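Before any comments, here is the structure.
Being a predicted model, the structure only gives us computed values, none of them experimental.
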Amino acid sequence: QVQLVESGGGLVQSGGSLRLSCAASGRTFSRYFMGWFRQAPGKEREFVSVISWSGGSTSYGDSVKGRFTISRDNAKNTVYLQMNSLKPEDTAVYYCAANSGRDLMAVSAYSYWGQGTQVTVSS
């Protein structure tokens with residue numbers, strides 16, 4: 001089992017940057033693909049990014065490609081999301097999750113979720 005705790009959210013102006021962290025408990029962290037999702041009020045949870053076990057493979061949603069970077073440190077049981085050039089439409093609660101299925105962009109493929117961290121981008 002994996003327990004996840006996100007941090008690093010906050011209020012930032014448009015064009016600014018934030019770095020989210022997700023700390024995982026459990027010795028099996030390195031066995032999971034790790035993903036980031038976000039959910040804005042009144043909208044469905046949206047795929048943001050995913051990273052492979054080793055960190056050698058990553059994927060991004062179209063809306064964040066070129067602006068966000070996912071990374072992980074298996075020695076620290078932590079996954080990161082560096083967010084640059086933030087826009088007001090990036091405002092959402094951001095969740096990290098551990099993937100136990102094959103469809104890396106599907107919410108249903110992730111078994112473990114953090115509690116989320118709020119990111120607010122002002123215009």
Using the rule that two of Ile, Leu, Val, Met, Phe, Trp, Tyr join whenever any of their side-chain heavy atoms come within less than 4.5 Å, decide whether I51 and Y112 are in one cluster.
yes
What closest approach, in Å, do S63 and E46 show between heavy atoms, and which atom pair accounts for it?
OG-OE2, 3.3 Å
Output for pair (S7 OG, Y94 OH), nearest 0.5 Å, gives 15.0 Å
Please report the interatomic distance OG1(T58) to CG(L104), rounded to the nearest 0.5 Å.
11.5 Å
List the atom of F29, the atom of V79, and the distance in Å for their closest heavy-atom pair.
CZ-N, 4.2 Å
Which residue in the set W36, Y95, F68 passes side-chain contact (heavy atoms from CB on, under 4.5 Å) when paired with L20?
W36
Please assess L86 against L18 for the test side chain to side chain contact (heavy atoms under 4.5 Å, CB included), listing each intermediate value before the final yes or no.
CA-CA 8 Å; L86 283 162; L18 281 175; 4.2 Å; yes
Would you verify whether the NZ or CZ of R72 falls within 45 degrees of the ring axis of Y80 while also being under 6.0 Å from that six-membered ring's centre?
no
For R67 and S17, which I'm curious about, is there any donor-acceptor pair between the side chains at under 3.5 Å?
no
Tell me if the CD atom of Q115 is crowded by more than 12 foreign heavy atoms within 6.0 Å.
yes
Taking atom types as modelled, is there a side-chain donor on T78 or D73 under 3.5 Å from an acceptor on the other?
no
Evaluate the side chain to side chain contact (heavy atoms under 4.5 Å, CB included) criterion for residues R19 and L81: first the C-alpha distance (whole Å), next the side-chain angles of each, then the deciding distance (0.1 Å), finally the verdict.
CA-CA 6 Å; R19 187 195 195 202; L81 186 68; over 6 Å; no
Mark yes when over 12 heavy atoms from residues, nucleotides or ligands other than Q3 sit less than 6.0 Å from its CD; otherwise mark no.
no
Which atom of A24 lies closest to which atom of V2, heavy atoms considered:
CB-CG1, 4.0 Å
Is the shortest side-chain heavy-atom distance between R102 and F33 below 4.5 Å?
no
Is a side-chain donor or acceptor of S52 paired with a backbone partner of S57 at a separation under 3.5 angstrom?
yes
First locate atom CD of E6, then atom OG of S21, and finally report the distance between them rounded to the nearest 0.5 Å.
10.0 Å
Do you know the tightest heavy-atom contact between N99 and Y32?
O-CD2, 3.3 Å
Do V50 and V107 share a hydrophobic cluster (ILVMFWY, side-chain heavy atoms under 4.5 Å, transitive)?
yes
dist S49:OG -> R38:CZ (nearest 0.5 Å) comes out at 11.0 Å
Does atom NZ of K65 have more than 12 heavy-atom neighbours, drawn from other residues, nucleotides or ligands, at distances under 6.0 Å?
yes
Residue pair L4 / A97: nearest heavy atoms and the distance that separates them:
CD1-CA, 3.7 Å
Under 4.0 Å between a side-chain nitrogen and a carboxylate oxygen: does that hold for D90 and K87?
no
Would you confirm whether the ring centroid of F37 sits within less than 6.0 angstrom of the ring centroid of Y110?
yes
Any sub-3.5 Å donor-acceptor pair from Y60's side-chain atoms to I70's backbone N or O?
yes
Surrounding CH2 of W53 (heavy atoms of other residues, nucleotides or ligands, distance under 6.0 Å), is the total greater than 12?
no
Closest approach of Q118 to A92 (non-hydrogen atoms, all atoms of both residues):
NE2-O, 3.4 Å
Is F47 reachable from V93 through a run of hydrophobic residues whose side-chain heavy atoms are each under 4.5 Å from the next?
yes
Any donor-acceptor pair under 3.5 Å linking the side chain of T117 with the backbone of G9?
yes
